[in-house]
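Have a look at the structure below, then the notes.
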Amino acid sequence: MTSDTRNIVLDVQNLSIHYGDAPAVTGAYLTLREGEKMAVVGESGSGKTSLANAIAGFLDPLVGSVRADRLDFRYAPLNRSIDPRRQPRIPVRTPGMSMVFQDAMHSLDPVWTIGSQLVAVLRGAERMTARAARAAAVKRLAAVGIADPGRVMRARPTELSGGMRQRVMIAIAMASHPALLIADEPTSALDATLAVSTMQLMFDLADQEGTALLMITHDIELCRRFTDTTVVMHQGRVVETIASDRLDHARDPYTRGLLACVPTLETATLAELPTLQSIAAAERTAAA
Amino acid sequence: MTVRSVDDAGIRVTDLGRDFHRVQAVRSVTFAVAPGRRVGIVGESGSGKSTVARIIAGLDRPTRGTVHVDGQDLRSALSTARGRREYRRRVQLIAQDTTSTFDPRFTIRQSLRVPGQRLGGWTRAECDTAIEEIAEELSIDVSLLERRPAQLSGGQRQRMAIARALLVRPRYLVCDEAVSALDVSVQGAVLNLLKRYSTDHDAALLFVSHGLPATAFITDELIVMYRGEIAEAGRTTQVLGRPTDPYTRALVGAYREMESARSGA
Amino acid sequence: MSVVEHTAPPAATDADEAPASAGLGAIRRHWWLLRTILLAAVNLLVFVFVSFFLVKLIPGDPVVTATGGRLTGADLEEARASYGLDGSVGEQLLSYLGSLARLDLGTSIATGRPIAEDLATRIPATLELVFTGLLAASIVALLLSHYVVTHRANRVSRVLLSYARSAGALPEYVIGIAFIYLFFAVLGWAPAPSGRLDPMLLAPPQVTGFPLFDAVIAGDTAAAASYASRLALPVIVMMVAHAPLLMKTLIINLDHAIDEPSTRFRIASGAPRRTILLSIYRRALPSVVAMLGMMFGLLLGGAVVLESLFALGGLGQYAVDAVNASDVFALRSFLLVVAAMCLAIYLIVDILTMTLDPRRRVETGKGA
Amino acid sequence: GCGSAASSEESSAFVIVTAAQPPSFSYETSATGYEAGEFWANTGATLIRNPYVEGEGDLSASQDLFGFEPLLAESYEVSEDRLTYTFHLDPDAKSVAGNTITADDVLFSIKRKFETPTSVVPFVSAPALTDPDTQVTVIDESTVSITISDPGYGFTLLSMLANQPYNIYDSTVLLEHATDDDPYAVEWSETNASYGFGAYELTDYTPGEQMVYTANPGYVLGEPEITTIVQRVVPDAGQRANLVRSGDAQIATQLRPADQVDLADSGAAQIFTVPTNAYVYIPLLTTAEPFDDPEVRRAFSMAIPYDDIIDDVYRGRLDPVGSILSEDAPGFDGEGLAAPEHDPAQAQEILEAAGYTEPVEFTLTVNSAVPDLEETAVLIQSAAADAGFDVTVDSVNSAVFQEGLAAKTFQASMGRDYAIVQSPPYVLALFYTPGSPLNWPNYETPEFSAALAEGNAVGDPLTPEAGAWWNEAQRILQTDLPTIYVGYVQPLNAFGNDVGGYVFRTDNVIDYSQLTRETE
Amino acid sequence: MAAAIAGADLDTVIPRRRTRRLSPRASLVLHCVPLGIVLVLTFIGPLLAPFDPTRVVGTSSQPPSAEWWFGTDSMGLDVFSRVVAAFALNIPMALAITVIATGLGMIIGLIAGMYESRGGPIGLVARILTRAVDLVQAIPVMIAGLVLVSFFGRNPVVIVLSLALVLVPFQARLMRTEVLKTRSDAYVDAARLAGESEAEIVFRHVLPNSSRSTIENTSAIFAMGIIFCAALGFLGVGVPVPAPEWGSMLANGATDAVVGRWWPFLFPAVALGLSVWAASVFVAGVTRSRS
Ligand SMILES: Nc1ncnc2c1ncn2[C@@H]1O[C@H](COP(=O)(O)OP(=O)(O)OP(=O)(O)O)[C@@H](O)[C@H]1O
Ligand SMILES: Nc1ncnc2c1ncn2[C@@H]1O[C@H](COP(=O)(O)OP(=O)(O)OP(=O)(O)O)[C@@H](O)[C@H]1O
Ligand SMILES: [Mg+2]
Ligand SMILES: [Mg+2]
């Protein structure tokens with residue numbers, strides 16, 4: 001890690017998020033370099049989504065507040081918008097930063113056709129004719145594995161299955177050639193086949209464009225397989241940042257417990273599934 | 001397709017279909033769940049799993065086909081108030097939607113008392129005892145019972161829903177994505193509990209999920225649905241071990257691939 | 001890599017459509033539209049009966065009124081028969097339906113004029129007022145709401161918001177009277193509230209029936225200017241009275257639309273700002289359009305009062321006169337025409353909202 | 001002012017603001033309303049008319065009700081037996097369509113008035129004229145005679161012929177539009193106005209908004225000075241006053257007295273005092289509780305605050321009614337007739353003496369279309385409480401009001417009306433013929449009927465012998481009080497300072513042909 | 001649907017400045033104060049009147065003075081006495097309209113929303129109700145009110161019933177939309193599973209959870225109640241004079257106001273506006289405290 005000479009794309013130091021008076025994230029830090037793929041894992045409610053939203057500048061100013069020593073994005077210093085209440089009512093995107101949200105069902109605009117949504121982003125990123133944009137859009141839909149891009153261009157989101165929507169979202173988010181793509185549980189609604197293939201597509205695209213990736217997931221198998229670095233969160237804190245291929249050597253007890261609980265097809269044969277409690281209990285008896 | 005011949009006991013679903021306007025959510029589904037057995041349904045999103053679950057639970061009407069529970073036709077069972085009560089005591093559902101499964105106006109305890117009083121005919125005190133027992137089994141803090149649903153996390157709400165379904169000790173329990181909102185550790189605990197419940201009370205489980213490992217852990221038999229029809233069915237180990245249907249093969253393959261990638265690492 | 005050949009099921013909608021015949025398919029695809037139109041037609045048909053029986057209940061004998069109360073006994077019966085008011089209810093209903101089928105709205109008892117002719121001159125004038133008022137209110141509401149929504153922390157938008165919150169606190173006739181007194185009687189800025197056109201000017205030939213429009217068509221600038229200047233004050237009154245309601249709806253819906261995840265994703269994916277605004281407005285507008293439809297009814301009702309205040313002599317005065325004269329024929333045809341107008345507006349609103357937001361089509365499709 | 005039009009046009013045009021429009025253009029189907037009266041008076045013409053005379057003192061010009069001058073008829077003569085009246089038509093009289101008047105026009109018009117089922121003419125004409133077929137004779141193309149059965153009806157006949165009910169129509173135009181079902185083209189004339197011989201033609205009509213009258217060049221008395229009259233509908237009375245004040249209108253009608261007086265006081269407009277025949281009256285239903293008791297009627301007449309009504313509502317533009325007949329009528333002196341007076345104490349005494357211990361309850365119904373009456377009713381309600389009456393004011397729309405009056409269902413009601421034909425027997429018979437729908441109090445006594453019969457028997461109603469009977473009849477009315485006459489009302493109109501030529505007529509409308517533009 | 005004349009609370013759009021935030025309870029109390037005053041006036045208004053509001057007390061059309069605080073109207077009635085006494089008539093009328101329209105609207109909306117897509121007699125009833133609501137709404141409130149009131153007479157009961165009837169669709173539509181949403185909520189199914197009867201489901205779950213926007217809209221209905229009452233008076237079919245009622249005062253005062261005698265018009269207009277405002281403040285407070 002120390003030898004990494006790539007440019008830092010995102011630098012977050014000591015970031016805290018409060019909902020009202022309740023802290024959701026306390027003192028988070030992370031550093032992301034060009035082309036790096038980073039996963040954020042952790043228990044439900046540990047503040048992963050809040051962290052991602054704060055970085056992208058989408059925290060709801062009515063309920064949340066953000067403080068940080070440093071929240072820098074190479075292409076645009078972010079400190080200007082750190083207090084959500086000072087933000088304009090319609091959030092302004094940080095140039096070069098795109099985000100795919102957790103909720104594929106509701107994140108696409110239900111009243112516009114897929115084609116128009118994709119074309120708008122394409123034409124926003126580059127000057128091109130409507131015809132060229134449509135052609136490019138079809139190509140991009142095909143690139144994310146949509147079998148029938150012509151029809152999908154004309155369809156509205158409600159006419160698509162969850163998997164298709166997820167792919168369309170990725171296609172749209174990548175259409176503006178972002179330097180950083182944040183993806184919040186992009187595969188949660190998908191079964192394993194779709195999850196893997198979707199993930200693969202996203203990473204291939206990111207590789208092609210040199211995009212850095214920050215992905216939130218609860219699927220440890222996926223992050224092990226696709227990412228360079230894993231950040232583990234627990235109760236609003238970053239408890240561990242570790243290279244993904246070294247996850248099995250994690251030192252933090254929470255990370256280790258979490259890893260032990262991951263169900264696999266093998267665990268199906270066990271009489272009882274392991275849980276954090278049972279592991280702790282086992283460790284206690286072992287220690288005793 | 002394995003349609004096991006069973007006697008009257010158990011759930012028997014015959015040629016079930018359900019249309020929503022022009023969408024055939026379920027085309028034709030036939031299967032049976034014997035008492036005490038644990039059957040899983042997997043399949044991609046939108047393949048009709050939840051629809052089947054809701055029909056069996058008596059919350060939706062089939063367009064075609066029949067459902068028999070312990071020999072009694074679902075339609076006739078649901079046609080009288082008494083029949084409905086009797087049916088609900090027998091068949092319970094844990095629904096997929098965790099956000100609104102409790103009426104926001106009532107505390108969890110108030111909501112949990114209802115099945116006890118309506119179906120079990122218990123007094124308030126009896127209900128409360130039963131509720132606290134079950135809460136303990138699901139490692140739910142008793143203080144949470146006094147909260148309203150909005151004050152709980154998704155995982156907590158899901159456990160409360162499980163508690164409500166288990167309260168009347170149904171003979172048939174339909175679980176629709178009952179563990180999807182939980183993180184791996186809590187998920188494990190709940191799955192352990194459901195399995196124990198099934199064996200202890202000789203209750204049948206119909207376990208709908210898209211998580212293969214969890215399904216593999218809890219079920220004996222597995223049905224794979226694809227676009228409103230059963231693509232493949234059989235013993236879980238058999239289906240997962242030697243899948244014949246292309247969709248199943250791909251599904252299992254994806255897991256195997258990941259796991260082998262891990263053990264390879 | 002394992003992209004299974006059938007991971008992406010085609011949209012259920014098209015896949016399951018029976019390819020019965022092209023015509024049937026088209027009907028199915030546009031069923032929401034057909035259904036909406038049919039429903040409006042059925043409503044109008046039912047209203048024919050409703051208006052007939054409603055008006056039957058009116059107290060006051062139209063014939064006595066028409067003859068100044070000077071006829072009795074047989075004379076009165078004879079007069080009544082001459083209006084076709086002597087038969088049984090069934091006979092009267094049949095003759096009413098018969099004449100409606102011939103698109104004949106009947107003849108007013110009080111004036112002896114064909115009702116259709118009376119309405120034909122009055123409706124466009126009233127509609128001109130209502131639509132101009134609605135347009136002015138919409139434009140003002142749109143501009144102000146946009147400002148409020150995009151500048152929510154500043155003082156001006158707080159003031160505007162209190163204005164929006166005041167929706168409905170003061171009826172338009174109160175505002176109207178205040179404005180007449182101020183702008184006509186005291187300041188003398190507004191022209192006399194004595195009708196649509198300066199009395200010394202001749203009305204341009206009637207083409208569309210919409211006075212201002214006709215003046216423009218005829219190239220009569222003096223008349224057009226006079227129409228416009230005399231329309232200005234009542235329209236401003238309508239605007240001041242009704243813009244808050246629209247603003248309120250618009251602000252709330254824009255606000256919801258902004259907070260929707262789809263807006264977030266639009267922004268997050270780097271769509272240009274113009275597209276983002278367009279997308280927000282398209283999602284916020286259906287409710288506002290529906291509200292506009294309902295406001296058409298409110299403004300039409302309000303026009304009854306405003307027309308009497310500004311001496312515009314449109315539809316409203318006709319209703320009041322018909323009620324005062326117990327003119328059953330005029331009243332029931334009037335009600336029918338007003339209902340038809342409102343139903344037509346609601347129909348347009350429905351179609352518009354469904355076009356703006358395709359999700360609404362499904363919802364109505366579920367209905368029956 | 002508006003002043004956006006050419007000034008040449010303006011000089012010969014007037015704007016009049018009114019509360020409403022005539023409901024119909026056919027007298028035979030719909031004969032009510034101030035605006036309708038004004039329409040018929042100005043678009044129609046009669047054979048003869050009452051001459052206009054200058055007013056004395058501060059009175060405006062008005063009609064000589066007891067003399068007649070030629071109009072469409074160049075001259076007329078009365079037969080020896082005073083039973084036949086022969087009219088010689090003026091060959092210069094042209095209708096708005098340009099047709100010269102003929103005897104056939106006269107016969108056609110009178111027959112139309114009698115043969116249309118909804119026409120009120122037969123009712124108001126009886127007994128002078130009952131059957132045109134026998135009574136009206138065409139002598140030659142320009143001569144017509146009318147025969148009556150009793151010389152006593154002569155004055156009444158002439159009075160009627162001088163007024164709107166006997167407007168003569170252009171039969172050439174009407175016959176063009178006649179059908180088998182409608183031989184008199186009544187239906188056509190409900191919506192078409194150009195069939196009269198009047199000073200003006202209605203040339204533009206926007207329902208509910210305005211009517212434009214244009215001078216008739218062939219009018220028998222010559223084309224009037226003001227060639228264009230724009231009549232605008234402005235429903236609000238205050239608004240109408242404002243428009244005259246600002247100069248946007250030259251004439252406003254149906255004002256509230258307070259606004260009228262304000263206008264005059266500020267010098268913004270002129271208002272006129274006239275020998276009015278319009279009165280505010282309260283018919284009391286004499287056949288039902290509580291007004292079947294003459295004592296209650298008497299007490300109520302004393303409970304009304306006449307002076308307050310005169311001051312507060314009418315700003316002095318109301319005069320006590322001594323006699324309901326014009327005191328100018330020859331042979332009539334109004335002797336012994338007096339206006340009722342406000343005396344709550346005595347009213348209470350009367351009620352007590354008549355055995356009423358509780359306040360007497362009743363409903364006073366008013367026509368909601370007339371704002372000053374509503375205000376008057378409130379004043380009466382308020383004051384009558386002190387005299388032992390508990391009055392409920394019910395204001396109803398014109399339709400309900402007319403129907404209730406005709407059906408005689410109102411305990412007490414209040415209206416404003418006038419008899420156009422100012423012949424004493426006509427006026428008395430109009431409102432008090434037993435069983436007549438206009439006999440709103442449902443009043444019937446042998447004494448009154450006898451007095452009327454005696455008066456008629458005298459022959460000429462304008463002789464002192466007859467006058468004595470008219471006095472007698474009115475004294476009976478003032479004792480029996482079937483109707484309380486609250487006051488004679490001055491016309492509720494106002495004229496811009498540049499308007500001249502107002503003449504008060506018994507039909508209370510404005511004769512546009514007399515109007516002039518005064519230069520200041 | 002947009003039947004939400006009042007719709008959601010605008011306060012969520014712009015947060016109140018945080019620095020001066022009151023406790024929820026104090027803010028609720030504060031929101032009740034204006035309506036409280038209005039209600040108190042409803043009861044004691046007639047007692048506050050220095051003169052009998054239906055009796056002529058002096059010369060007509062006198063401007064405000066020490067004797068007649070708000071002046072006298074064209075009949076010589078005391079404007080102040082009438083304005084305060086009218087609270088006792090207008091407010092109960094508006095409240096009655098609100099209660100009837102909301103009650104009926106909720107029931108109709110509930111039945112329509114729950115059973116419209118069902119077969120059998122209940123489905124038929126629900127569809128007929130939906131159609132009836134559409135039909136009533138096809139005639140603008142003002143015109144329908146005008147016709148109904150002239151049918152059945154100008155007394156407060158008729159006015160209240162007529163206006164309530166024509167305002168029902170506003171509430172029924174709102175309710176129906178909410179019920180359609182609520183009835184597919186998961187807790188309704190959960191209640192079925194827990195063995196609750198249909199009636200319990202409707203009254204324990206669907207009704208309370210669907211009534212929010214209908215209740216929020218009551219302030220708009222209240223406003224429309226007051227304003228349409230007054231507008232009917234304006235057209236000459238409202239509560240007859242001399243009963244102290246703002247509508248007829250406005251109607252009579254309007255003619256005075258355009259010629260410059262503003263007092264018989266201004267004061268009832270202010271009373272009317274303040275009452276509407278008080279009601280909307282109250283409803284906003286209640287809904288905010290509930291959320
Ligand atoms: N709008 C909000 N208002 C109040 N608290 C909130 C809000 N959003 C999130 N929280 C709280 O903040 C904490 C962090 O939430 P967050 O959504 O970031 O978790 P997460 O790690 O993304 O969880 P999940 O894996 O379930 O998505 C949680 O305890 C949650 O209850
Ligand atoms: N109430 C409904 N109205 C219309 N269509 C419906 C309805 N419920 C389900 N569907 C459609 O029926 C199909 C099957 O839905 P179902 O919920 O049974 O799928 P599922 O297998 O449970 O999917 P998931 O894994 O996403 O929960 C989908 O296409 C869905 O859109
Ligand atoms: Mg999250
Ligand atoms: Mg499902």
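The basis for the numbers below is simple: all heavy atoms, side chains too, and nothing from hydrogens, waters or symmetry mates. To find a chain, count down the sequence lines: A is the first, B the second, and so on, and within it residues start at 1. For clarity, every value in this text was computed on a predicted model and none was experimentally measured.
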Side chains of D/Asp259 and E/Arg261 in contact at under 4.5 Å (non-hydrogen atoms): yes
CA sep, side-chain torsions, deciding dist, call: D/Val378, E/Arg55, side chain to side chain contact (heavy atoms under 4.5 Å, CB included): CA-CA 8 Å; D/Val378 171; E/Arg55 296 289 295 271; over 6 Å; no
Checked E/Ser74, E/Gly260, E/Ser61 vs chain D; the most non-hydrogen pairs under 4.5 Å come from E/Ser74
Side chain, backbone, both or neither: which part of D/Ala241 has an atom under 4.5 Å from a heavy atom of chain E? side chain
If one checks every heavy atom of D/Arg256 against chain E at 4.5 Å, the contacting part turns out to be side chain
If I measure from the heavy atoms of chain E, does D/Arg315 come under 4.5 Å with its side chain, its backbone, both, or neither? side chain
First locate atom CG of D/Asp311, then atom OG1 of E/Thr59, and finally report the distance between them rounded to the nearest 0.5 Å. 9.0 Å
Distance-only, no hydrogens or angles: does the E/Thr255 side chain make a donor-acceptor pair with backbone N or O of D/Gly238 under 3.5 Å? no
Can you check whether E/Val259 reaches D/Gln239 side chain to side chain, under 4.5 Å on heavy atoms? no
Counting N and O atoms only, with roles assigned by atom type, does the side chain of D/Ser382 sit under 3.5 Å from a partner on the main chain of E/Val56, one being a donor and the other an acceptor? yes
Side chain, backbone, both or neither: which part of E/Asp52 has a non-hydrogen atom closer than 4.5 Å to chain D? neither
Could you tell me if the side chain of D/Leu379 sits less than 4.5 Å from the side chain of E/Met75, heavy atoms only? yes
Which region of D/Asp262, side chain (C-beta onward) or backbone (N, CA, C, O), has a non-hydrogen atom less than 4.5 Å from a non-hydrogen atom of chain E, or is it both or neither? side chain
At a heavy-atom separation under 4.5 Å, does D/Asp312 approach chain E through its side chain, its backbone, both, or neither? both
Do E/Asp73 and D/Glu375 have side chains that get closer than 4.5 Å, going by heavy atoms? no
